[in-house]
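In what follows, a single structure is set out as structure tokens and then discussed.
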Amino acid sequence: MIRLFDSLKSEVRPLALREPGQVSMYVCGPTVYGLPHMGHGRFTLVWDVLRRWLTFQGYEVDFVSNITDIDDKIINLAAAEQTTEAGIAQRYEQEWWNAMNKIGVAKPTHSPHATHYVAEMVTLIEGFIAEDIAYPLGDGVYFDTSRVADYGALAGQALDSLRAGARVEMVEEKRSPFDFALWKKAKPGEPSWPASFGEGRPGWHTECVVMSLGLLGDGFDLHCGGLDLKFPHHENERAQAIAAGHPFAQHWAHNGFVMVEGEKMSKSLGNFTSLTDLLERTDARAYRLLVLRSHYRSPIEVSPATIEDAERALERLDSLARRFELDQLAGDTFATATQPLPGELAGELAQRVTEFLDDDLNTPLAVAALFEALSQANGLADEGKTAEAQLLAEAINTLFGALGLALIGQGGEIDGESAAIVRLRDEARAAKNWAEADRLRDSLVNLGWIVEDSSSGTVIRH
RNA sequence: GGCGGCGUGGCCGAGCGGUUAGGCAGGGGCCUGCAAAGCCCCGUACUCCGGUUCGAAUCCGGACGCCGCCUCCA
């Protein structure tokens, strides 16, 4: 079984499964009030890779990731654009799925929406109020953090040391500055749901508790998300589950930030790039490769230079696919290793990659091993050991496929005009008419083709 | 103020006591009509100062610098 860093215990430990062979994981999803950005891209890629790798190893993965479709930002945007909250949410949810589709992140097994779980949230909150774990104030209902003994466990701090912080706001009459809103009472014109404690809408931290426990059940295996959700969001989810008497996530995993020139990418700094924009102008696989080449807990620097670096590395992978005529893998379906990969070298490679990935999802080492194998496969082919080389190349393809990265050997559709020029060039070359051959090569290049000679003649691709 | 992380060759990015990761860029060679692709070879890096050790990028102490969380945030 894979070993993963557990943010709660601050150690790498085996992911223990509630039921053998089945993994239940919950990933905090987006609030849909804008285009997805690179940070969203990173967390979806990281957890998609984990999911794929577990699936590849034969586990059945129940992967739940929510859509937060009601919150203050959505309300504000709807007001600003004079449209409905639902309209905003639907629009950006569509953008979200478009981007996920392009970047090759598989759909979750379930993607619950907060607005579909309001009744369950209300019930939970009623229970808290009955036990005085939650208390109503003028503008909403608050959770009393002092009622959870180890509140602050995820933050790695006790409540009183958190309290020493300079940034706590004391604006409300809360019992403690860390008490958080379970429910926000509706102001005129705001969307609301009925509740015994007053019409309103749920606070953010409650939906994930209800949806994760509702869909995955008590004591589910793994809860994931961006590092910035660790505190207070995940802390507050956990507090509610504990207060409600439900065993919660048994393992917590957090991915590192996307950095721009050394600073965290964030909306307030205005240094974010939308994922949608990136996917329009680059090969979507480049970002996956960039993410794979660093460890999921490390910050990654995203810039035009690092993206371009990944795109060039991708070319080398694709040329392997061309040379060995590899099938394109890693679409919507998941690769599964039902039997050992054929070939001695392939077996060794798979073993190394498995060792690396099972050790806290060390994708950079796995990718390094795959690149080494790539050189080896090409070298074997150059030496004429074609069968060995072929098996190794296919293993590389399979393993990249397991990580969701497709190797693409096809260079695009060739139109009639280009095909005709290719024929003429081959004739010129056969006649050793080099000047004409070069002229025809230039015209192919002008049409946007990359031109290569091979034993079977001129090969072109985009 | 509390808690946590990081400083690696031109760039990105692993490493967690001894083995010059890997990628991109650059240089040289093989192959090629010339190219391209591919293969081979080359760059000996680890913020600084002490210490531990036969041996430290890796452990300990200190300094400096940077970043994150403690507020909405993936």
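Per chain, numbering begins at 1; letters A, B, ... match sequence-line order.
Considering only side-chain N and O atoms, A:Arg316 lies under 4.0 angstrom from the phosphate OP1 or OP2 of B:C24. Within the structure, a side-chain polar atom (N or O) of A:Asn378 is placed less than 4.0 Å from OP1 or OP2 of B:C39. Put simply, A:Ser294 has no side-chain N or O that comes within less than 4.0 Å of OP1 or OP2 on B:G13. Between A:Ser319 and B:G38 there is a side-chain N or O to OP1 or OP2 distance below 4.0 Å. For A:Asn362 and B:G15, the shortest distance from a side-chain N or O to OP1 or OP2 is below 4.0 Å. For the pair A:Ser266 and B:A74, the criterion of a side-chain N or O lying under 4.0 Å from OP1 or OP2 is not met.
As rounded to whole Å, 14 Å separates atom P of B:G7 from atom CD of A:Glu301. A straight line from CD of A:Glu261 to P of B:C66 spans 16 Å, rounded to a whole angstrom. Remark: P of B:G4 and NE2 of A:His254 are 16 Å apart, rounded to the nearest angstrom. In this entry the distance linking NZ of A:Lys230 with P of B:G2 reads 18 Å, nearest Å. Remark: P of B:C12 and CG of A:Leu314 are 20 Å apart, rounded to the nearest angstrom. Distance, A:Tyr296 OH to B:G5 C1': 14 Å, rounded to whole Å. Across the protein-nucleic acid pair, A:His234 atom NE2 and B:C72 atom C1' stand 14 Å apart, rounded to whole Å. Atom CG in A:Leu290 sits about 11 Å away from atom C1' in B:G23, given to the nearest Å.
With P as the reference atom, B:G26 and B:A36 are 12 Å apart, rounded to whole Å. A gap of 27 Å separates the C1' atoms of B:G13 and B:C49, to the nearest Å. Rounded to whole Å, the P atom of B:C48 lies 10 Å from the corresponding atom of B:U58. Rounded to whole Å, the P atom of B:C60 lies 11 Å from the corresponding atom of B:C6. As rounded to the nearest Å, B:C41 and B:C46 have C1' atoms that lie 24 Å from one another. Nucleotides B:C39 and B:U47 have their C1' atoms positioned 38 Å apart, rounded to a whole Å. The gap from the C1' atom of B:G18 to that of B:A25 amounts to 31 Å, rounded to the nearest Å. Spacing between B:G38 and B:C31 at atom C1', rounded to whole Å, works out to 9 Å.
Across all strands, A:Ile300 comes closer than 4.0 Å only to sugar-phosphate atoms, never to a base (heavy-atom distances). Base engagement by A:Asp228 is indicated by at least one non-hydrogen atom pair under 4.0 Å involving a base atom. A:Ser375 comes within 4.0 angstrom of sugar-phosphate atoms only, judged by non-hydrogen atoms across all strands, and of no base. Across all strands shown, A:Lys432 has no heavy atoms under 4.0 Å from either base or sugar-phosphate atoms. Residue-level contact check: A:Ser298 touches the backbone only, with heavy atoms under 4.0 Å from sugar-phosphate atoms and none from bases. Across all strands shown, A:Glu372 has heavy atoms under 4.0 Å from sugar-phosphate atoms exclusively, and none from any base. Using a 4.0 Å heavy-atom criterion, one finds that A:Arg312 contacts the sugar-phosphate atoms exclusively. Here A:Gly256 lies in heavy-atom contact (under 4.0 Å) with a base. Among the protein residues, A:Val459 comes within range of no part of the nucleic acid, since none of its heavy atoms lies under 4.0 Å from any strand. Using a 4.0 Å heavy-atom cutoff across all strands shown, A:Met259 reaches sugar-phosphate atoms only and no base atom. Within 4.0 Å of A:Ala313, counting heavy atoms only, lie sugar-phosphate atoms of the nucleic acid but no base atom.
To the nearest 0.5 Å, the span separating CZ on A:Phe143 from OG on A:Ser176 amounts to 11.0 Å.
Heavy-atom nearest nucleotides on RNA chain B were determined for A:Phe371 and for A:Val451, and the one closer to the 5' end corresponds to A:Phe371. A residue-by-residue look at A:Lys73 and A:Pro299 shows that A:Pro299 has its nearest nucleotide of RNA chain B further toward the 5' end.
A cation-pi arrangement is present between A:Arg175 and A:Tyr135 under the rule of less than 6.0 angstrom and at most 45 degrees off the ring axis. Remark: A:Arg238 is not positioned above the aromatic ring of A:Phe248, lacking an NZ or CZ atom under 6.0 angstrom from the ring centre and at most 45 degrees off the axis.
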Extract from the structure each pairing of a protein N or O with an N or O of nucleotides 56-59 of chain B at less than 3.5 Å, listing the distance.
none

Which atom pairs link the protein and nucleotides 30-34 of chain B when you take only N or O atoms and keep those under 3.5 Å?
{"residue": "B:G33", "atom": "O6", "partner": "A:Arg425", "partner atom": "NH2", "Å": "3.3"}
{"residue": "B:G33", "atom": "O6", "partner": "A:Arg429", "partner atom": "NE", "Å": "3.4"}
{"residue": "B:G33", "atom": "N1", "partner": "A:Asp438", "partner atom": "OD1", "Å": "2.9"}
{"residue": "B:G33", "atom": "N2", "partner": "A:Asp438", "partner atom": "OD1", "Å": "3.3"}
{"residue": "B:G33", "atom": "N2", "partner": "A:Asp438", "partner atom": "OD2", "Å": "2.7"}
{"residue": "B:C34", "atom": "O2", "partner": "A:Arg441", "partner atom": "NH2", "Å": "2.4"}
{"residue": "B:C34", "atom": "N3", "partner": "A:Arg441", "partner atom": "NH1", "Å": "3.0"}
{"residue": "B:C34", "atom": "N3", "partner": "A:Arg441", "partner atom": "NH2", "Å": "3.3"}
{"residue": "B:C34", "atom": "N4", "partner": "A:Asp453", "partner atom": "OD2", "Å": "2.5"}

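Here the rule is side chain to side chain contact (heavy atoms under 4.5 Å, CB included) with A:Val302, and of A:Ile307, A:Val260, A:Thr273, A:Val291 only A:Ile307 fits it.
B:G43 takes the syn form, because its glycosidic angle lies no more than 90° either side of 0.
In the set B:A21, B:C24, B:A74, the nucleotide with an atom closest to the side chain of A:Pro364 is B:A21.
Crowding of A:Glu383 atom CD: a count of heavy atoms from other residues, nucleotides or ligands under 6.0 Å exceeding 12. The neighbour count for A:Glu413 CD, taken as heavy atoms of other residues, nucleotides or ligands under 6.0 Å away, does not exceed 12. Atom CD of A:Glu81 sits in a crowded spot, with more than 12 heavy atoms from other residues, nucleotides or ligands closer than 6.0 Å.
In this structure, A:Trp252 has its ring center no closer than 6.0 Å to that of A:Phe5. Residues A:His254 and A:His234 bring their aromatic ring centres within 6.0 Å.
For the pair A:Trp183/A:Val118, a side-chain contact is recorded, criterion being any heavy-atom separation below 4.5 Å from C-beta on. Using a 4.5 Å heavy-atom threshold, the side chains of A:Gln90 and A:Gln94 count as separate.
The partner of B:U53, taking Watson-Crick or G-U wobble pairs whose two distances both stay under 3.5 Å, does not exist in any strand shown. Across all strands shown, the partner of B:G22 is B:C12, judged by Watson-Crick or G-U wobble contacts whose two distances both fall under 3.5 Å. Across all strands shown, the partner of B:G68 is B:C3, judged by Watson-Crick or G-U wobble contacts whose two distances both fall under 3.5 Å. Shown here, B:C39 forms a base pair with B:G29; the pair counts as Watson-Crick or G-U wobble because both key distances fall under 3.5 Å. B:C48 is paired with B:G62 under the criterion used here, namely a Watson-Crick or G-U wobble arrangement in which both key atom distances are under 3.5 Å.
In this structure, a donor-acceptor pair under 3.5 Å is absent between the side chains of A:Arg297 and A:Asn255.
Taking all atoms of both residues into account, the shortest heavy-atom contact from A:Tyr33 to A:Ile88 is CA-CG2, 4.4 Å.
Using a distance-only test at 3.5 Å, with no hydrogens or angles considered, a donor-acceptor pair links the side chain of A:Ser319 to the main chain of A:Arg316.
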